[in-house]
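Beneath this line is the structure, given in structure tokens, with notes to follow.
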Amino acid sequence: MSKKPVRVAVTGAAGQIGYALLFRIASGEMLGKDQPVILQLLEIPDEKAQNALKGVIMELEDCAFPLLAGIEAHSDPKTAFKDTDYALLVGSRPRGPGMERSELLAINGAIFTAQGKALNEVASRNVKVLVVGNPANTNAYIAMKSAPDLPAKNFTAMLRLDHNRAASQIAAKTGKAVAEIEKLAVWGNHSPTMYADYRFATIGGESVKAMINDETWNRETFLPTVGKRGAAIIAARGLSSAASAANAAIDHMRDWALGTNGKWVTMGIPSNGEYGIPKEVMFGYPVTCENGEYKIVEGLEIDAFSQECIKKTLDELLGEQDGVKHLI
Ligand SMILES: NC(=O)C1=CN([C@@H]2O[C@H](COP(=O)(O)OP(=O)(O)OC[C@H]3O[C@@H](n4cnc5c(N)ncnc54)[C@H](O)[C@@H]3O)[C@@H](O)[C@H]2O)C=CC1
Ligand SMILES: O=C([O-])CC(=O)C(=O)O
């Protein structure tokens, strides 16, 4: 018997990431090849944006995806999020050359107050929310704080792009396949302060740290390359990363919904005090997922260098949180 369709809301649906994301959701890459979906698409109430959204919908229709059970266009989050089971909050301004993501808070922060409130009012009580719009961690924090009737654990931020970037750099350095890498972690903020940590990582059961055996490469090449990859892409393309961001969003939601079979992935999630991170800080942690729930990998040893890196990214997040008090 075929499954009942689930509702997937996507904001910023006519933007660059939206264009790289929607067709993959509709084809079953996110929630499984047996799971029909209804897309509830949100764009700003602006003629140009709504027209662009119409065009995207025409293309979705023209794909005749067997799993696409319905498509809706919205300009109000209160209708877009009605009964939604999944919400991918992408819609917001991307940064341009020379900007830091945190500079977007003043422009984008308020979007997430309104959208958090709307989710609180009308979404499924089990909605799984992923914030992609930058600065993703603090926007997810704003949305979570604006939705007091929904469980805080339903709100997450996207660190998966950093995770995938780190895996790709390690694969290139070791000459091994990316699929063989296990137990990689990225801690903290989706910003250059994030701490990609391969101390526990293995390839074919062997330690990646021992295989690379080059602490200078870790500190002077690997961490800055992963941390500044978004800026490097903006410098090269003139636009911020879109296909890789959409891919990371698919990975994040798929793993959360369908499980990771024990494999570690990175998600930005509200802390419950794990690893000394204050409660509610939206922090990148290594997690495993099972039965629609994520679980932090606990008990990892944090050495002095890691502690320093985690403190730096935490301090930045606390500063961002402090700066958005007025929005909550
Ligand atoms: N967390 C991550 O790893 C990544 C995050 N991003 C962020 O994702 C966001 C979107 O990026 P792009 O798709 O490239 O931008 P874009 O400018 O191509 O598209 C954004 C779309 O969002 C719409 N929008 C703006 N405000 C909205 C609102 N209140 N409700 C609904 N829609 C709204 C705009 O009309 C536009 O169509 C940016 O903030 C970018 O920085 C980008 C890459 C990676
Ligand atoms: O760097 C940006 O502004 C877009 C982004 O978040 C990324 O590519 O990681």
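Treat the numbers as computed from the prediction; the structure is a model and nothing was measured. Numbering of ligands and ligand atoms starts at 1, following listing order.
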Proximity flag Ile233 to ligand 2, non-hydrogen atoms under 4.0 Å: no
Tell me whether ligand 2 is touched by Met99 - counting only heavy atoms on the residue side and a distance under 4.0 Å. no
Nearest-option assignment for atom 20 (C) of ligand 1, heavy atoms, candidates Ser92, Pro94, Gly268: Ser92
Measure the distances from the heavy atoms of Arg229 to every atom of ligand 2 and state whether one is below 4.0 angstrom. no
Compute the centroid of each ring, for Phe222 and then for Tyr198, and state whether the two points are separated by less than 6.0 Å. yes
So is Leu104 close enough to ligand 2, meaning a heavy atom under 4.0 angstrom away? no
Evaluating non-hydrogen atoms only, which member of Leu42, Ile111, Val90 is closest to atom 10 (C) of ligand 1? Val90
Only heavy atoms count here, so choose which of Leu89, Ile17, Thr11 is nearest to atom 13 (O) of ligand 1. Ile17
Compute the shortest N/O to N/O distance between Gly18 and ligand 1 and return yes if it is under 3.5 Å, no if not. no
Ser75 and Gln50 side chains, donor-acceptor separation under 3.5 Å: no
Of all the non-hydrogen atoms in the protein, which one sits nearest to atom 6 (O) of ligand 2, and at what distance? His190 NE2, 2.6 Å
Same cluster (ILVMFWY, side-chain, under 4.5 Å), Ile296 and Met158: yes
